[in-house]
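For ligands, and for the atoms within them, numbers begin at 1 and follow the listed sequence.
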Amino acid sequence: MTETADAEVFAVLPALEVDAVVIGAGPVGLFQVFQLGLQGVKVHLIDALPYLGGQCVQLYPDKPIYDIPGIPVCTGRELAERLTTQIGPFAPVTHLNQQVSALQRQADGRLFLQTSTGTQLLTRTVFIAAGVGAFVPRAVKVEGIETLVGTQVLYHPPETGAAKDRNVIVHGGDEDAVRAAVAAAGIARSVTLLHRRDVFQADAADLERLAQLRDAGRIRVVAAQITGIETSESGQLTALSLLDAEGEQRSEPLDLLLVYLGISPRLGPIADWGLALERKQLVVDTASFMTDVPGIYAVGDINTYPGKRKLILCGFHEATLAAFAAAEYLSGAPVALQYTTTSSKLHERLGVEHG
Ligand SMILES: Cc1cc2nc3c(=O)[nH]c(=O)nc-3n(C[C@H](O)[C@H](O)[C@H](O)COP(=O)(O)OP(=O)(O)OC[C@H]3O[C@@H](n4cnc5c(N)ncnc54)[C@H](O)[C@@H]3O)c2cc1C
């Protein structure tokens, strides 16, 4: 871990001072928020995805899970919804669509954290619940496109409102791309669906809708690869340079590019934070789930210890012990065990009646 001996480096930045930050809103990160809430610790929760649920929602939203205690069966999405409801009383401050890019220990022991969108937090504890890494969209790799991301180039936008009255190119060949093209066709000036082949992976109903809109001239399909971009003098994106299936170069004008090339996990910057790693997993002490750096805990799929199993249930246990350990670290005093069934203090924190 790199220490910033020179605390002034960040003193001028408007970093918000908080007690706890959870990195990762997968099932374990969500349960970490719950356990910290029971300990009276308010949390900032950060995820690279635009929604809560981690792998459960990103990788298997409709598949059944059978090994969550007390829930004989639920889908990945249902589990995320139940956990989101459960943390409701603790109202974490949630920062979505942003990746934690930097984590540095300050000379006074506090931890400075920064995200890809510029959120800056100064915190006393950090809980890394980063799973298999940050889920980030696959990028279009052509020169100069980075400066247009967020304005004329959007990666996996969850809805297509930005397409209204614009000439739009939707790039991709899977269900998300097909659905985005269909949705944009209702509001855009023109829609082009761009994929390297005129073959799309989507369910029958989506493919049928696409075929209808193609027949009606509302969606045009282009089979080609992006080789470059064309911009105006003021830096506006005006066209894509394409190499089509016949090997011909061509130019395709547009106002907006919506990219759906898939989302995959990347460990990314976590490997550079100077924390002890073993085969790309964070090494923790199993009494507290603290890493080798005081105040930084690691729970869920991202950690390793003797006997580790990458199961949601195991992550829930880890988050519980990490919350107790952090409550003691923050208060400097032992924390007694209380039951949610009977404790008036826990009832007050949960916002339920004490009877
Ligand atoms: C197909 C499949 C089926 C499964 N079935 C089961 C099952 O039946 N039972 C079971 O117990 N387990 C199952 N698992 C495993 C289970 O999903 C994982 O153990 C669980 O999701 C781990 O939770 P987590 O919160 O640790 O991490 P994740 O769910 O991976 O969530 C981590 C989150 O952290 C975010 N993140 C990472 N790095 C950063 C960063 N730097 N900045 C911002 N955000 C970041 C990611 O975007 C992600 O949303 C299954 C897994 C798969 C793939």
Side-chain angles (χ1 to χ4, degrees), residues 21-36 43-80 82-84 86-87 92 94-104 111 113-121 123 126-138 155-156 262-273 275 277 280-282 284 289 296-305 308-320 322:
V21 176
V22 174
I23 303 174
V28 180
L30 292 174
F31 199 64
Q32 185 68 72
V33 173
F34 178 75
Q35 285 294 339
L36 287 166
V43 172
H44 282 245
L45 174 65
I46 306 175
D47 204 295
L49 285 170
Y51 35 76
L52 308 177
Q55 290 178 52
C56 297
V57 172
Q58 186 58 39
L59 299 182
Y60 56 101
D62 302 316
K63 283 199 162 49
I65 310 175
Y66 297 100
D67 58 350
I68 304 298
I71 305 177
V73 59
C74 73
T75 64
R77 187 181 283 113
E78 280 164 358
L79 180 63
R82 283 170 185 253
L83 287 164
T84 304
Q86 196 170 17
I87 64 172
T94 305
H95 311 266
L96 295 177
N97 245 331
Q98 46 197 298
Q99 189 178 358
V100 177
S101 47
L103 177 62
Q104 291 175 314
L111 302 154
L113 183 149
Q114 179 160 296
T115 74
S116 51
T117 58
T119 302
Q120 296 186 334
L121 300 168
T123 178
V126 169
F127 299 79
I128 303 178
V132 285
F135 283 103
V136 286
R138 216 177 119 213
Y155 286 109
H156 279 261
I263 296 180
S264 51
R266 283 199 214 112
L267 188 59
I270 294 172
D272 305 326
W273 294 343
L275 300 163
L277 286 166
K280 296 192 180 170
Q281 315 288 154
L282 294 168
V284 288
F289 291 92
I296 302 184
Y297 304 79
V299 290
D301 280 11
I302 190 73
N303 75 13
T304 187
Y305 53 87
K308 168 72 184 181
R309 300 282 177 195
K310 289 189 182 185
L311 285 171
I312 296 166
L313 160 71
C314 299
F316 288 171
H317 160 80
E318 295 161 15
T320 307

For ligand 1, the portion of [X] having any non-hydrogen atom under 4.0 Å away:
| X | value |
| --- | --- |
| Asp67 | side chain |
| Lys310 | backbone |
| Gln98 | backbone |
| Phe135 | both |

Under 3.5 Å: N/O of [X] near N/O of ligand 1:
| X | answer |
| --- | --- |
| Asp47 | yes |
| Lys63 | no |
| Ile68 | no |

From [atom1] ([X]) to [atom2] ([Y]), nearest 0.5 Å:
| X | Y | atom1 | atom2 | answer |
| --- | --- | --- | --- | --- |
| Thr115 | His95 | OG1 | NE2 | 8.0 Å |
| Phe316 | Ile68 | CZ | CD1 | 5.0 Å |
| Gln58 | Tyr51 | CD | OH | 3.5 Å |
| Leu113 | Leu121 | CG | CG | 5.5 Å |
| Ile302 | Ile270 | CD1 | CD1 | 4.5 Å |

Subset of ligand 1 atoms that lie under 4.0 Å from at least one heavy atom of [X]:
| X | result |
| --- | --- |
| Ile65 | 7 (C), 8 (O), 9 (N) |
| Val132 | 30 (O) |
| Leu311 | 10 (C), 11 (O) |
| Leu49 | 49 (O) |
| Ala130 | 32 (C), 34 (O), 37 (C), 38 (N) |
| Val28 | 23 (O), 24 (P), 25 (O), 26 (O) |
| Leu59 | 53 (C) |
| Gln99 | 40 (C), 41 (N), 42 (N), 43 (C) |

Return the closest protein heavy atom for [atom] as residue, atom name and distance.
| atom | result |
| --- | --- |
| atom 19 (O) of ligand 1 | Asp301 OD1, 2.8 Å |
| atom 28 (P) of ligand 1 | Gln55 NE2, 3.7 Å |
| atom 11 (O) of ligand 1 | Ile312 N, 2.9 Å |
| atom 50 (C) of ligand 1 | Tyr60 OH, 3.4 Å |
| atom 27 (O) of ligand 1 | Gly131 CA, 3.2 Å |
| atom 46 (C) of ligand 1 | Gly133 O, 3.3 Å |
| atom 41 (N) of ligand 1 | Val100 O, 3.3 Å |
| atom 43 (C) of ligand 1 | Ala48 N, 3.4 Å |

Is the closest heavy-atom distance from Gly315 to ligand 1 below 4.0 Å?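 Distance cut 4.0 Å: Gly315 fails for ligand 1.
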
Taking atom types as modelled, is there a side-chain donor on Gln98 or Thr117 under 3.5 Å from an acceptor on the other?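 Yes - a donor-acceptor pair under 3.5 Å links their side chains.
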
Tell me if a side-chain donor or acceptor on [X] pairs with a main-chain N or O of [Y] at a distance below 3.5 Å.
| X | Y | answer |
| --- | --- | --- |
| Glu78 | Gly76 | no |
| Ser101 | Gln114 | yes |
| Gln281 | Asp301 | yes |

Can you confirm whether Arg138 is buried at CZ, in the sense that more than 12 heavy atoms of other residues, nucleotides or ligands lie under 6.0 Å from that atom?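 Counting other residues, nucleotides and ligands, CZ of Arg138 stays at 12 neighbours or fewer.
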
Work out which heavy atom in Phe135 is nearest to a heavy atom in Gly54; give both atom names and the distance.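 In this case the closest contact between Phe135 and Gly54 is CE1-C, 4.1 Å.
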
Counting heavy atoms only, which of Ala25, Pro27, Gly53, Gly24 comes nearest to atom 20 (C) of ligand 1?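 Checking each option, the heavy atom nearest atom 20 (C) of ligand 1 is found in Pro27.
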
If hydrogens are left out, which of Ala134, Gly26, Pro64, Pro269 has an atom nearest to atom 37 (C) of ligand 1, that is, the closest non-hydrogen atom?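 Nearest option to atom 37 (C) of ligand 1, by heavy atoms: Ala134.
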
Thr84: which residues meet the side-chain contact (heavy atoms from CB on, under 4.5 Å) condition with it, sequence neighbours left out?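 Partners of Thr84 under the side-chain contact (heavy atoms from CB on, under 4.5 Å) test: Leu30, Leu52.
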
Got a sec, which residues hit salt bridge (charged side-chain N to carboxylate O under 4.0 Å, His left out) with Lys308, two or more places apart in sequence or on another chain?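 Result, salt bridge (charged side-chain N to carboxylate O under 4.0 Å, His left out) vs Lys308: Glu318.
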
If we check side-chain contact (heavy atoms from CB on, under 4.5 Å) with Phe127, which of these qualifies: Leu45, Leu36, Ile296, Val43?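 With Phe127 as partner, side-chain contact (heavy atoms from CB on, under 4.5 Å) holds for just one option, Leu36.
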
Any chance you could lay out the side chain to side chain contact (heavy atoms under 4.5 Å, CB included) test for Leu282 and Thr304, step after step, and finish with the verdict? CA-CA 6 Å; Leu282 294 168; Thr304 187; over 6 Å; no

